[in-house]
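Each remark here refers to the structure printed beneath this line.
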Amino acid sequence: MSEAALNTCKLLLFGRCVRAVLLSVGVQFLLLTVFLLLINFELFHPLNWIMSSLRLVCSFYTWFACIPLLGAIVFYGMTLSHQHLAERRYWPTRYRWLLHNGPQKLLFLFAHAIVGYLTAWLYTGYLHTDYRHFIFKAYGQDCVNSYHIFLLGMGLCAGAYYFATEYMQEEASIDFDFAEQSRSEKLREVLYATLLKAPMSSVMPTICYTFVFWLFGTFLRYRLSIVLNVDTDDRLLGIVDVITNGRLLFYAWLLGAQIVSNMRLMRCFYAAILSEPLPMTVARHRLSVPGEQELTIVAGLGVFNVYVVQCLAANFLYQEAQRQTSSVRSEIFQLTEPGNRPANWRALCDQCLSILDSFTDELSNSMRKSNVDQPIYSDTSSALLAEKLLLRQYNQLHGIRPVVAPQHAEGPSRDWNTKSTDSIRRVPNWCERTSTKLEELLQEVLHRIPGIVYFFYEPEGAKTEFLLENALPVIWLTQALAQICVASIKEDNYGIVQDDLPAIIKALHRLKCDLDRLANGTPNFRTNSSNFNHLRYAVRRSLYNICISFYKYLGDLTSSGEELRQLQTFVYQG
């Protein structure tokens with residue numbers, strides 16, 4: 001990908017992140033209005049209730065007091081933008097993942113905690129006098145306010161709780177909607193859904209924090225009183241004092257609902273704005289504005305270090321391929337000047353096949369490391385597969401060796417029966433035998449130490465799961481390629497797609513065989529994930545569409561007789 005196209009992607013995504021931050025800043029005043037309406041509720045004076053709440057929101061004190069929270073929101077938005085736009089790399093061990101992502105996760109946790117704390121600090125300024133101040137007068141002495149400490153701690157707990165449930169192990173993800181909606185419809189749906197779920201989403205952090213405060217609250221207040229050189233009050237000394245204070249628990253629950261809703265809304269704003277289609281073209285045109293750079297589909301698919309851009313490019317191609325009439329498809333099938341060459345289709349096809357082949361190769365290598373069985377074709381009955389699997393497990397359990405060694409397996413090198421060129425059997429000396437035994441003993445000892453295997457060994461099937469979790473561009477590309485091939489029957493006047501049909505069919509068939517092998521040959525692997533099912537069905541649907549449209553010419557498009565037989569059987573079965 002060229003440097004100019006990469007800069008164009010960065011500018012477009014930066015503008016979207018700025019809009020998401022502005023939306024997050026604006027929603028703070030909406031949430032504050034809802035909070036004031038709830039705590040100042042007056043049943044018999046509704047007009048006075050609404051006007052007083054709005055007067056507080058529009059006051060100079062509110063705007064001045066919101067400055068720290070708005071600064072924290074901007075900081076939170078920057079860290080969230082980095083999470084969305086960072087490169088998704090595979091780390092084989094948890095130690096390497098922690099070494100690379102640990103500082104970023106700590107920074108993100110700090111952003112959650114500071115937003116939660118400042119939200120609680122701002123909102124407690126509108127509560128009753130007993131809850132508003134950090135230090136209050138009691139019998140002529142300055143004391144630490146236990147109620148205020150409890151609510152400030154609730155803000156920290158709510159932020160940390162949301163981070164632990166959403167971002168502790170998972171990366172920031174974007175859910176692409178299959179139904180096309182405008183930005184206003186998405187934001188309105190997100191706002192309604194978040195506000196409806198807020199009451200229940202804050203129950204668990206409130207209960208957890210109440211239990212933690214009962215355990216460590218007395219110690220915290222004692223240390224704060226020493227630091228500030230003030231006394232401690234005698235409120236909230238035990239769990240009974242905490243759970244019987246209904247107003248305090250209500251305020252804590254309300255603060256938790258506000259903080260969790262705030263963070264969920266910011267996450268949904270980023271997902272909704274970053275998932276909007278990017279303006280893309282098939283080929284670069286002569287630009288009228290100097291310095292302006294167009295983003296092509298091929299360039300977008302080549303942005304491997306920004307997962308969002310690759311997903312948007314694949315989704316754009318998929319949407320255009322599914323339309324009844326598309327100017328993008330017409331431009332793909334056109335010949336370019338000079339030379340009347342299919343430059344548009346050639347660049348697009350090469351890029352798509354490169355992505356599919358590299359994904360298939362990585363998937364095959366990861367499956368080979370996970371001891372996945374050899375390819376099992378989908379036309380074999382499930383009963384026969386189960387019988388073979390049970391027979392293989394029975395033989396391994398009782399030590400029964402097969403009569404004929406498998407052809408695909410390479411026999412391990414055995415020093416005891418390896419013959420040299422002069423037919424003399426080589427026997428390892430005592431030093432080699434001792435070294436081998438010590439190495440095996442060391443491996444057993446290391447595996448028994450708690451934490452060693454967990455942090456420094458690659459989990460079985462982790463690379464395969466990582467590839468399947470990030471297979472969304474491949475899901476869209478397979479269907480887009482198949483639909484373009486089907487549409488070429490009527491729209492491709494020059495027959496430029498026909499030369500690449502064998503390569504496309506071969507790439508899709510390879511991927512289908514690996515996915516079938518993964519589904520049928522590994523009983524202990526979790527293949528019930530949504531991404532795996534979507535990918536497998538997308539590949540099968542793509543092959544089905546191509547084979548149905550070019551059924552008469554399958555013999556000319558495939559060079560292997562076994563592949564042709566599988567494709568024909570695949571068509572018969574649907």
Side-chain angles (χ1 to χ4, degrees), residues 1-13 16 84-90 173-174 176 178 274-285 293-323 326-334 336 342-363 466-485 487-488 496-497 500-501 503-508 510-511 531 534-535 538-539 542:
M1 183 182 182
S2 63
E3 188 68 23
L6 182 60
N7 293 332
T8 302
C9 293
K10 290 181 179 180
L11 288 176
L12 290 173
L13 296 177
R16 295 186 174 192
H84 279 294
L85 304 181
E87 182 182 2
R88 297 192 176 186
R89 300 178 60 184
Y90 171 71
S173 59
I174 297 178
F176 291 86
F178 292 96
L274 289 178
S275 62
E276 293 178 355
L278 284 175
M280 292 186 179
T281 59
V282 177
R284 294 187 177 91
H285 303 87
Q293 181 68 33
E294 292 180 336
L295 181 63
T296 62
I297 302 176
V298 177
L301 292 175
V303 185
F304 298 102
N305 56 346
V306 184
Y307 180 73
V308 176
V309 177
Q310 195 176 27
C311 288
L312 291 174
N315 185 32
F316 177 83
L317 183 62
Y318 170 75
Q319 296 293 341
E320 294 296 331
Q322 295 293 327
R323 301 185 188 278
S326 174
S327 59
V328 173
R329 282 204 310 265
S330 302
E331 193 172 355
I332 291 175
F333 296 140
Q334 286 179 359
T336 57
N344 297 338
W345 165 253
R346 175 55 46 214
L348 181 63
C349 181
D350 291 344
Q351 184 68 42
C352 294
L353 290 180
S354 175
I355 294 175
L356 292 180
D357 290 338
S358 62
F359 179 83
T360 306
D361 293 339
E362 291 184 3
L363 185 63
F466 173 80
L467 293 174
L468 295 177
E469 289 176 1
N470 298 274
L472 189 57
V474 180
I475 293 175
W476 281 329
L477 282 181
T478 54
Q479 299 177 86
L481 268 181
Q483 194 61 33
I484 290 175
C485 293
S488 66
I496 60 177
V497 179
D500 297 300
L501 273 176
I504 294 174
I505 294 176
K506 183 178 180 180
L508 294 176
R510 281 186 58 210
L511 182 56
N531 279 357
H534 290 164
L535 177 60
V539 174
S542 302

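These numbers come from a predicted model, not from an experiment.
- Of the possible donor and acceptor atoms, none in the side chain of S354 sits under 3.5 Å from a partner among the backbone N and O of D350.
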Audit row: L472, N315, side-chain contact (heavy atoms from CB on, under 4.5 Å) steps and yes/no:
CA-CA 9 Å; L472 189 57; N315 185 32; over 6 Å; no
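- Atom CD in E331 sits 8.5 Å away from atom CD1 in I297 (nearest 0.5 Å).
- Closest approach of L295 to A299, counting heavy atoms only: CD1-CB, 4.1 Å.
- Contacts of F466 classified as ring-ring contact (aromatic ring centres under 6.0 Å, His included), with partners at least two apart in sequence or in another chain: Y90.
- Between the side chain of S488 and the backbone N or O of C485, at least one donor-acceptor pair lies under 3.5 Å.
- In this structure, N531 contributes its side chain and L468 its backbone to a donor-acceptor pair below 3.5 Å.
- Side-chain contact check for P473 versus L301: every heavy-atom pair is 4.5 Å or farther apart.
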CA sep, side-chain torsions, deciding dist, call: Q310, I355, side-chain contact (heavy atoms from CB on, under 4.5 Å):
CA-CA 11 Å; Q310 195 176 27; I355 294 175; 3.8 Å; yes
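- In this structure, L481 and W345 approach most closely via the heavy-atom pair CD2-CH2, 4.2 Å.
- Across all non-hydrogen atoms, the minimal contact from I332 to N344 is O-CB, 4.0 Å.
- In this structure a side-chain-to-backbone donor-acceptor pair under 3.5 Å is missing from R329 to I484.
- In terms of modelled atom types and a separation under 3.5 Å, the side chain of T360 and the main chain of R510 share no donor-acceptor contact.
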Would you sort out whether R346 and I496 count as a side-chain contact (heavy atoms from CB on, under 4.5 Å), showing the intermediate values?
CA-CA 9 Å; R346 175 55 46 214; I496 60 177; over 6 Å; no
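- A donor-acceptor pair under 3.5 Å links the side-chain atoms of R16 to the main chain of E276, judged by distance alone.
- To the nearest 0.5 Å, atom NE2 of residue H534 and atom OG1 of residue T478 are 12.5 Å apart.
- Using modelled atom types, one side-chain atom of Q479 and one backbone atom of I475 make a donor-acceptor pair closer than 3.5 Å.
- A distance of 8.0 Å separates CH2 of W476 from CD of Q319, quoted to the nearest 0.5 Å.
- L312 approaches M280 most closely through the heavy-atom pair C-CE, 4.2 Å.
- Between atom CG of residue L356 and atom CG of residue D361 there is a gap of 10.5 Å, rounded to the nearest 0.5 Å.
- For the atom pair S542 OG and Q483 CD, the distance stands at 9.0 Å (nearest 0.5 Å).
- A salt bridge does not link K506 with D357: every distance from a Lys NZ or Arg NE/NH1/NH2 to an Asp or Glu carboxylate oxygen is 4.0 Å or more.
- The nearest pair of heavy atoms linking F359 to L467 is CE1-O, 3.5 Å.
- The shortest non-hydrogen separation linking F316 to L278 is CD1-O, 4.3 Å.
- Here the CG-SG distance, from L274 to C311, works out to 11.5 Å after rounding to the nearest 0.5 Å.
- For the pair L13/V309, a side-chain contact is recorded, criterion being any heavy-atom separation below 4.5 Å from C-beta on.
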